[in-house]
Trainee: 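Below: one structure in structure tokens.
Side chains are part of it too, since the values below use all heavy atoms of this structure and drop only hydrogens, waters and symmetry mates. In the text below, chain A, chain B and the rest are named by the order of the sequence lines, each starting its count at 1.
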Number of protein chains: 2
Amino acid sequence: MPVENTVQSIERAIRIMEELATEKEGMGVTELSHRVQLHKSTVHRILNTLLQYGYVEQNPNTERYRLGMKLLYLGGAILDRMDIRREAHDILNALAEEVNEAVHLVVPEGDRAIYIDKIDSKRTIRMYSQIGRKAPYHASAVGKAILAFLPQEDAERVISKGLEKFTKNTITDPEKLKEHLEMIRQRGYAVDDEENEVGIRCVGAPVFDHTGRVIAAISISGPTVTVTKEKIPELSEKVMESARRISEKMGWKAG
Amino acid sequence: MPVENTVQSIERAIRIMEELATEKEGMGVTELSHRVQLHKSTVHRILNTLLQYGYVEQNPNTERYRLGMKLLYLGGAILDRMDIRREAHDILNALAEEVNEAVHLVVPEGDRAIYIDKIDSKRTIRMYSQIGRKAPYHASAVGKAILAFLPQEDAERVISKGLEKFTKNTITDPEKLKEHLEMIRQRGYAVDDEENEVGIRCVGAPVFDHTGRVIAAISISGPTVTVTKEKIPELSEKVMESARRISEKMGWKAG
DNA sequence: TCCTTTGTTTCGTATTATAAAACATTGTTT
DNA sequence: AAACAATGTTTTATAATACGAAACAAAGGA
């Protein structure tokens, strides 16, 4: 998708890095050039550039390339500017300890919610998640918890872009979603009942700042075998309590 | 520093992103073009490219540019491939809780040690640190803890590159450092006594893998007013115990 | 030994990125 | 109100750069 007034070679570098992000063990030049549909020597030259600056590293034995640690520096700078991450971390830790499931913190980012912190569960059967990844607003507990408390015109804009179907449980009817969001506003928490991913259930609650705006959401997430429907009442109380505590740390006042 | 067979415009994009990483609140086009010494319209075009792909974002009110969340996705992919981070996190949390100081996990990265996880202390007076940033081997507790257990030729290579002076306490004499590393090997822990930064003291210990190689280090770090010299014996025991537990999780066997 | 495959290097030139100039907008000063 | 200053954004001729085809080097397998 070429965009106007952009630098093509930078776009190519971006494509290459994003392709490398999908392969934990890295990739060779030939495979990568097939994937991004660029000539092998072009890919090699771009990789060499990224290699010189630490954005890519090469395994000397396998000669495969993978993302380099310099991206950690840049990502770390972003994490570091997020006050809410600092404020929420202990509360998330305590919550994860208490319920023994994965716990996540997300913030709104464009048309999706982005994971900015997580505490993994200690169970053998776990769900997979990754900082920096995004979740759809309408199909995730954290997304719905944010959507329910966004200003109406913002929520309308999200809904009007269409509600993609991820599983047979995903809410794809705008009217149905709006009713659902009203219910979330009444209850104070949201449930993703295998709407985003089969076999995963999440209970989420919104976080507010000093102006009363929703700025984030947290969730308790796990496989449906451990996050059962019977547990929802208990988990919802706990996630709301933690969200309230984080909100207060962000300057929110009840009422 | 131009390098051969590199793509100049990609290098420029990298320089721009790294400059933006130094300014939490972002920067305008004009300031940025002064800093990277490129024409304003060139900088603008590169920024626009990065903007389109989420690597940079622009505050609509101030028009300032800052790093974008896509870097969090790439950084998250790197964090996610690190098994040690997953294994160590709970142990680090417990340690931080126990000593009420900042706790860090670092791994070797080229000629420095890079921070890949941290637990901040709950005290009012804290030290500043950031995931993705690097510490010099010879002047940090984590660095020295790794250096002391590296194969001799690797340690020699590090030392032969010169020992930069950061404070009046920094060890800059190669012979003195080698004696110091021997002491660390005997004791099993390292101390950074305001060698990297005035007012900061750290106690670190190495982490080993199943082959017996040093693969990481952890530390307890804080301002000298709370991490006092009197506390070093106690803190060293605790940091070594935690490092040993992480080592075992990484497959290390004593003996 | 020959063949295949992969990563790396070379180099002519077509394409791309540059940067100077102009423009649009906002805030400040006279 | 008009003039000025400063900033971000757009336009465009062309110099510079990036591209990609071809060749090369090395390793592994038949």
Trainee: I need the B:Asp209 CG to B:Ile246 CD1 distance, nearest 0.5 Å.
Mentor: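 Result: 13.5 Å between the selected atoms.
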Trainee: In plain terms, say whether A:Arg66 and A:Glu57 are close enough for a salt bridge, that is, a side-chain N and a carboxylate O under 4.0 Å apart.
Mentor: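 Salt bridge present between A:Arg66 and A:Glu57.
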Trainee: Looking just at side-chain N and O atoms, do B:Asp80 and A:Tyr128 make a donor-acceptor pair shorter than 3.5 Å?
Mentor: yes
Trainee: Return the residues of residues 13-25 of chain B meeting this criterion: a heavy atom under 4.0 Å from some atom of DNA chain D. Order them by number, or give none.
Mentor: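 Close to the strand, none.
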Trainee: Should the pair B:Arg85-B:Asp83 be classified as a salt bridge under the 4.0 Å nitrogen-to-oxygen rule?
Mentor: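 Not counted as a salt bridge, because no side-chain N and carboxylate O are separated by less than 4.0 Å.
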Trainee: If the threshold is 4.0 Å, N to carboxylate O, is there a salt bridge linking A:Glu248 and A:Lys253?
Mentor: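 Salt bridge: no.
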Trainee: From the options B:Ile16, B:Leu32, B:Val36, select the one residue that forms a side-chain contact (heavy atoms from CB on, under 4.5 Å) with B:Ile46.
Mentor: B:Ile16
Trainee: How does DNA chain D look in dot-bracket form if you count Watson-Crick and G-U pairs under 3.5 Å, write [ ] for pairs that cross, and put | where a base pairs with another strand?
Mentor: ||||||||||||||||||||||||||||||
Trainee: Decide side chain to side chain contact (heavy atoms under 4.5 Å, CB included) for B:Tyr115 and A:Leu72; before the verdict, give the C-alpha distance in whole Å, the side-chain angles of both, and the deciding distance to 0.1 Å.
Mentor: CA-CA 9 Å; B:Tyr115 289 90; A:Leu72 208 44; over 6 Å; no
Trainee: If you measure from the Lys or Arg side-chain nitrogens to the Asp or Glu carboxylate oxygens, is any gap between B:Arg81 and A:Glu23 under 4.0 Å?
Mentor: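 Here B:Arg81 does not pair with A:Glu23 in a salt bridge, since their nearest N and O are not under 4.0 Å apart.
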Trainee: What string of B, S and - do you get for nucleotides 9-18 of chain D, 5' to 3', when a contact is any protein heavy atom under 4.0 Å?
Mentor: BB------SB
Trainee: Taking only the side-chain nitrogens and oxygens of B:Thr30, find out if one of them lies under 4.0 Å from OP1 or OP2 of D:dA6.
Mentor: no
